[in-house]
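A note on names: the letters A, B, ... follow the listed sequences, proteins ahead of strands, and every chain is numbered from 1.
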There are 2 protein chains.
Amino acid sequence: MNEQLQPLKKQPRAGKSRSGTQDDVVYAHIFDAILEQRLAPGTKLSEEALGEIFGVSRTIIRRALSRLAHEGVVLLRPNRGAVVASPSVEEARQIFFARRMVERAITELAVEHATAEQLAELRQMVSEEQACFSRGDRGAGIRLSGEFHLKLAEAAKNAPLISFQRSLVSQTSLIIAQYESSGRQHCSYDEHNELIDAIEARDKDKAVTLMMHHMDHIDSKLNLDEDSASDDLHAVFSHLLQTKKKAGRAATR
Amino acid sequence: MNEQLQPLKKQPRAGKSRSGTQDDVVYAHIFDAILEQRLAPGTKLSEEALGEIFGVSRTIIRRALSRLAHEGVVLLRPNRGAVVASPSVEEARQIFFARRMVERAITELAVEHATAEQLAELRQMVSEEQACFSRGDRGAGIRLSGEFHLKLAEAAKNAPLISFQRSLVSQTSLIIAQYESSGRQHCSYDEHNELIDAIEARDKDKAVTLMMHHMDHIDSKLNLDEDSASDDLHAVFSHLLQTKKKAGRAATR
DNA sequence: AGTGCCTGCATTGTACACAATCGCTTGGAT
DNA sequence: ATCCAAGCGATTGTGTACAATGCAGGCACT
């Protein structure tokens, strides 16, 4: 296992156009891996290992981890490295409280400000989300559900709210991945579609009501189960690896 | 050349308190300097200059700037360095909208959860704030006003809200420093005291009403109404400029 | 004289080397 | 046998050298 990703691949993923900087690429990959549950909560994220996997120095990894920590999906323990966050039930409750508050405000603002173009984009996202679920890609589905809510925040045209929502959605996705009973429907896209209808009709009360019910549905699906995923970094990112290059110490610790 | 100034007047402990606090010291000093308007909006924050001032390497400075950027008080322009943020009127409006929302939620939660000890701390902060204003230290007063609201958020016992509030309060302080009409009272401590009374009495409606009025008072003191359609190109585009003349104490040596 | 290119300079971006720290293990004493 | 302590290995924290990028000023050309 002396593999390394030697150059950095520019745009390896479809659907998520990040600006081409190394930073964002690394950040996005780790982020997605966590939200899609390819990295289980509690998994240690070694700087050196990640650096070799992505073919960048620890400097870049460190910055990405710092961003992730600020968003709450990674926990940074001084002198002890980073681990994937594993929100407690209490933390989950706080996050959901904040999300209800934010989603209500966002919905009201979106009813006022959303453009036709944005509504079209939202519908596009719902259909992609639906496609993911119907082909059984649960992880991508959870992520796309979150991106829907984030896109809605953008329609609200309030920068601080967008930023906060990004953090809340990330953590919510982590919670869902961690606590949701398997087999159930997740962020049902039907509810998303109805929501778009209400917004398009500029029916604020209906939109807010739908959103609140949507929130109810989401957290009513949670339980306290827990399942695990791989904690082998090389396995998780195996789709990025090319058998190539130096016989460094890709061997695990 | 290696003259390394010693402006670390606030450092309580002598010597270099190692192990991780360097970050926080640098961060806090820059933060305070911005909120107390010793660094004007638009001022460029050179990594090397700051490094020499604080006697640390660019690594530390960079991390501090990154944190400040995430909180919205510093703007990080790729390959072009960091500058003190100068919120536009529109940005200020968005921030105030978000703050109203958050303060309402925080107030309600604080009425439910605040302990006697926390209320005592809040009263203590108000008196300190009052002391600052009465001795004419406007900058410190603004900062303490903000810290009062942050302390209140802690009483609400909701981690995501605290984090968001920290960012909002920082940016609000910056806005106040930038837009407030001179001579007026700022975050009047009387209102803060009344608010504590209502919370202590567990009177939720009254507390929320007081808080909303408090918000009204704050932004009624700002100049960010229509008059800001300035014909001064330099003012209009101030957010694009690097303040070279203002260099006073931070820039060139 | 005005405009556009081009080179030199200053600043940021990245990688790497070294130092500090933490947890674990091993050895010894009670 | 258990507990404590000191050594050790592994990992993170920090400083610094070097590369890349953007900007300013000068020069040639129209």
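- Each of V25(B), L68(B), V73(B), V84(B) was evaluated against I30(B); a single residue qualifies, L68(B), per the side-chain contact (heavy atoms from CB on, under 4.5 Å) test.
- Between the CG atom of L76(A) and the P atom of dT21(C) there is a distance of 18 Å, rounded to whole Å.
- Of all the residues in residues 58-71 of chain B, R58(B), R62(B) reach under 4.0 Å from DNA chain C with at least one non-hydrogen atom.
- Without hydrogens or angle criteria, Q94(B) side chain to A159(A) main chain gives a donor-acceptor distance under 3.5 Å.
- Other residues, nucleotides and ligands place more than 12 heavy atoms under 6.0 Å from the CD atom of E90(A).
- In this structure, E147(A) does not pair ionically with K151(A), as no charged nitrogen and carboxylate oxygen lie closer than 4.0 Å.
- Contact between the side-chain N/O atoms of R80(B) and the OP1/OP2 oxygens of dC23(D) is found at a separation under 4.0 Å.
- Ranked by how close their nearest DNA chain C nucleotide is to the 5' end, E47(B) and P78(A) are led by E47(B).
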Salt bridge (Lys or Arg N to Asp or Glu O under 4.0 Å) between D24(A) and R67(A), worked out: CA-CA 10 Å; D24(A) 297 324; R67(A) 269 179 75 183; 2.9 Å; yes

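- N79(B) has its CG atom 17 Å from the P atom of dA19(D), to the nearest Å.
- Put simply, CG on L45(A) is 20 Å from P on dA10(D), counting in whole angstrom units.
- To the nearest angstrom, C1' of dT12(D) lies 13 Å from CG of L50(A).
- Residue S57(A) places its side chain closer to dA15(C) than to any other of dT12(C), dT14(D), dA15(C).
- In this pair, F164(A) and F164(B) present their aromatic rings parallel. The plane angle is below 30°, not in the 30 to 60° band.
- Spacing between atom CZ of F54(A) and atom C1' of dA15(C) amounts to 18 Å, rounded to whole angstrom units.
- At whole-Å resolution of the value, NZ in K44(B) and P in dT11(C) are 6 Å apart.
- The CD atom of E52(A) sits 14 Å away from the C1' atom of dA15(C) (whole-angstrom rounding).
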